[in-house]
Amino acid sequence: MGLAKTEIFTDKQNQIAQYAKVFGHPARVAILQHLFKLNACVCGDLVDEIGLAQPTISQHLKELKNLGLIKGNVEGTSVCYCIDVENWKKMKSVMSNFLDQDLNQKDCC
């Protein structure tokens, strides 16, 4: 299997690709939507809400947390998660700049 060769791309290009990857799975999208809907920290009820096994949910939460879109705190025996608002705003800015590249383009064909 070939390497991704991410080192040949800019930090910004790699960042955009990481954001796109995290949104590339519907379970992670559903988790984010649920966290936004509740507008509070969620402790443990994601399995019932999303409908996937706990290890699967945990893996998706790990991906979201590693990218900084959510944050978690240990409360007793459970971990509570919520949206990291500052990092969410940063992600929106990066993705908006990328997606808005077409606004100043002329039709070339």
Side-chain angles (χ1 to χ4, degrees):
M1 178 174 258
L3 297 174
K5 296 189 179 187
T6 57
E7 70 277 355
I8 68 170
F9 302 102
T10 67
D11 289 343
K12 188 65 67 180
Q13 289 167 333
N14 280 298
Q15 185 179 37
I16 291 166
Q18 288 173 337
Y19 288 139
K21 182 179 177 184
V22 84
F23 291 119
H25 196 290
R28 291 190 287 263
V29 173
I31 290 168
L32 289 167
Q33 288 176 319
H34 185 66
L35 292 175
F36 272 113
K37 181 174 74 173
L38 293 180
N39 196 23
C41 286
V42 174
C43 304
D45 64 349
L46 285 171
V47 172
D48 294 332
E49 180 65 30
I50 306 300
L52 297 172
Q54 181 61 54
T56 305
I57 294 289
S58 293
Q59 184 60 39
H60 289 302
L61 289 168
K62 180 181 173 186
E63 294 291 325
L64 291 166
K65 189 171 181 186
N66 285 344
L67 198 52
L69 296 180
I70 64 172
K71 53 187 175 181
N73 297 313
V74 176
E75 293 187 12
T77 59
S78 64
V79 181
C80 299
Y81 292 97
C82 63
I83 300 293
D84 186 320
V85 177
E86 289 303 312
N87 285 336
W88 184 263
K89 288 177 183 177
K90 289 176 189 174
M91 180 274 307
K92 281 178 53 177
S93 176
V94 168
M95 294 305 287
S96 290
N97 287 335
F98 175 70
L99 294 171
D100 287 345
Q101 293 179 90
D102 65 319
L103 297 179
N104 295 322
Q105 293 291 315
K106 296 177 184 172
D107 191 9
C108 66
C109 297

request  = Drop me the distance from Q18's CD to N66's CG, to the nearest 0.5 angstrom.
outcome  = 10.0 Å
remark   = Between L46 and I57 the two heavy atoms that sit nearest each other are CB-CG2, 4.0 Å
request  = Can you sort out the partners of F36 under ring-ring contact (aromatic ring centres under 6.0 Å, His included), two or more places apart, ordered by chain and number?
outcome  = W88
ask   = Okay, side chain of N39, backbone of L35: is any donor-acceptor separation there less than 3.5 Å?
value = no
inquiry  = Would you say CG of D11 has more than 12 non-hydrogen atoms from neighbouring residues, nucleotides or ligands within 6.0 angstrom?
reply    = no
task = Quick one: closest heavy-atom pair of L69 and M91, and the distance?
result = CD2-CB, 3.9 Å
query = Checking S93 side chain against K89 main chain: does a donor-acceptor pair fall under 3.5 Å?
reply = no
Heavy atoms of other groups near N104 CG, more than 12 under 6.0 Å = no
message = Looking at K71, is its backbone amide N or carbonyl O close enough to the side chain of D84 to form a donor-acceptor pair, meaning the two atoms are under 3.5 Å apart?
response = no
message = For a side-chain contact (heavy atoms from CB on, under 4.5 Å) check, start with the C-alpha distance between K37 and E49, then their side-chain angles and the critical distance, and finish with the verdict.
response = CA-CA 12 Å; K37 181 174 74 173; E49 180 65 30; 3.8 Å; yes
message = Looking at T56, is its backbone amide N or carbonyl O close enough to the side chain of Q59 to form a donor-acceptor pair, meaning the two atoms are under 3.5 Å apart?
response = no
key: Residue pair K62, K65: steps toward the side-chain contact (heavy atoms from CB on, under 4.5 Å) verdict   = CA-CA 5 Å; K62 180 181 173 186; K65 189 171 181 186; 5.8 Å; no
ring-ring contact (aromatic ring centres under 6.0 Å, His included) partners for H34, two or more places apart = none
request  = Kindly compute the distance separating CG (L61) from CD1 (I31), expressed to the nearest 0.5 Å.
outcome  = 4.5 Å
inquiry  = Rounded at 0.5 Å granularity, tell me how far SG in C82 sits from CG in N73.
reply    = 6.5 Å
ask   = How close do F98 and Q101 get, heavy atom to heavy atom, and via which atoms?
value = O-NE2, 2.8 Å
request  = For R28 and K21, work out which heavy atoms get closest and say how close.
outcome  = NH2-O, 3.2 Å
request  = Check L67 against Y19 and note the closest heavy-atom contact, atom names and distance.
outcome  = CD2-CD2, 3.5 Å
request  = Tell me, with the steps shown, if L32 and I70 meet side-chain contact (heavy atoms from CB on, under 4.5 Å).
outcome  = CA-CA 8 Å; L32 289 167; I70 64 172; 3.9 Å; yes
task = Please test Q13 against I16 for side-chain contact (heavy atoms from CB on, under 4.5 Å), starting from the C-alpha separation and ending with a verdict.
result = CA-CA 5 Å; Q13 289 167 333; I16 291 166; 5.8 Å; no
